[in-house]
Amino acid sequence: MEKSIIEKTNKIIKGRSIYLIGMMASGKSKTGPVLAELLRYKYIDLDKLIENIAKKTINEMFQEDGEKAFRELETNCLKETIKIPSLIVSTGGGIISKPENWGVLRQGIIIWIDTKQEIALERLKKDIENRPLLQGEDLSDLYNQIFQSRKNLYSQADLRVEVNNEDVEEVAKQIVYGIYKKIIN
């Protein structure tokens, strides 16, 4: 990627944070650090932050405290991110379901990483025990139900990056280029 595009993008966004949203297993946590390195930003994985604060896994939080308690902690952690400039934040897939979270997300640039369902499902099969919302009968049906219920919310992002089989470096470059094109035009 041209260094000048990265530099121009950096100048134009002036330290605004970038929030990565999308379905579980879309690649937000893998893309975030690479994107942060490209833009010389700091990086936070919101789910990891929540687990560190709660001193338990998200799965344990869902089982022991319920989804409502998890979502409250998620919102509180999200609110803290706006205090730090030049941040790439990988969010959990459900962050968009709480209207008050949009007030925080809108203070930055929201990128929807929209990974093909087949690819996400393959990734999820390897990590199903860590996905509390997918505990049930048919993984594909559950995933699709969750996606359909969130699709309109995800579509409110500033930029949508469709992912097929690109590696994280390529996705990070697509995001920078997408921001560059959108801001320049």
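Worth saying up front: this structure is predicted, and the values here are computed from it rather than measured.
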Are any of the side-chain heavy atoms of I179 and I111 separated by less than 4.5 Å?
-> yes
A157 versus I21, closest heavy-atom pair with distance | CB-CD1, 4.0 Å
For R150 and G93, indicate whether the former's side chain and the latter's backbone hold a donor-acceptor pair under 3.5 Å.
-> yes
Find out whether I6 and L39 are in side-chain contact, i.e. whether some heavy atom of one side chain is under 4.5 Å from a heavy atom of the other.
-> yes
So W112 and Y154, would you call those rings parallel, tilted or perpendicular, with 30° and 60° as cut-offs?
-> parallel
Lys/Arg-Asp/Glu bridge criterion (N-O < 4.0 Å) met for K83, E80 = yes
Flag side-chain contact, heavy atom, 4.5 Å: M61 against L73 = yes
Please list, chain by chain and in numerical order, all residues satisfying salt bridge (charged side-chain N to carboxylate O under 4.0 Å, His left out) with K98, sequence neighbours excluded.
-> E100
Residues in side chain to side chain contact (heavy atoms under 4.5 Å, CB included) with T115, at least two apart?
-> S26, I113, I119, R123, V163
Run the salt-bridge test on K56 and E64 with the 4.0 Å N-O cut-off and return the result as yes or no.
-> yes
Quick check: does any side chain N or O of Q174 sit under 3.5 Å from a backbone N or O of A172, one acting as donor and the other as acceptor?
-> no
Got a second to check how far M24's CE is from I58's CD1, nearest 0.5 Å?
-> 11.0 Å
Does any donor atom in the side chain of D45 or S29 lie under 3.5 Å from an acceptor atom in the other side chain?
-> yes
Determine whether L35 and I18 make a side-chain contact, defined as any pair of heavy atoms from C-beta on separated by less than 4.5 Å.
-> yes
Where the side chain of T31 meets the backbone of K28, is there a donor-acceptor pair that is under 3.5 Å apart?
-> no
Do you reckon V176 sits in the same ILVMFWY cluster as I109, going by side-chain contacts under 4.5 Å, direct or chained?
-> yes
d(L87 CG, R16 CZ) to nearest 0.5 Å is 13.5 Å
Side chain of D158, backbone of I110: donor and acceptor closer than 3.5 Å?
-> yes
Give a yes or no answer on whether the side chain of K42 reaches the backbone of A36 with a donor-acceptor pair at less than 3.5 Å.
-> no
Cluster link I5 to V34, ILVMFWY, side chain under 4.5 Å | no
Nearest-0.5 Å distance that lies between atom CG in D47 and atom CG in N52 | 11.0 Å
Decide yes or no for Q107 and S17: does some side-chain heavy atom of the first lie under 4.5 Å from some side-chain heavy atom of the second?
-> no
Sidechain N-carboxylate O distance under 4.0 Å for E67, R71 | yes
Could you go through the side chain to side chain donor-acceptor pair (under 3.5 Å) check for T81 and Y19 one step at a time?
-> CA-CA 10 Å; T81 66; Y19 293 94; 2.9 Å; yes
In one Ile/Leu/Val/Met/Phe/Trp/Tyr side-chain cluster, 4.5 Å: Y180, I13 = yes
For E72 and A69, indicate whether the former's side chain and the latter's backbone hold a donor-acceptor pair under 3.5 Å.
-> no
Is there a side-chain contact between R160 and E162 (heavy atoms, below 4.5 Å)?
-> yes
With side chains defined as the heavy atoms from C-beta onward, is the minimum distance between F70 and I50 less than 4.5 Å?
-> yes
Sequence-distant partners of Y43, ring-ring contact (aromatic ring centres under 6.0 Å, His included), two or more places apart = none
Compare all side-chain heavy atoms of L105 with those of L78 and state whether any distance is below 4.5 angstrom.
-> yes
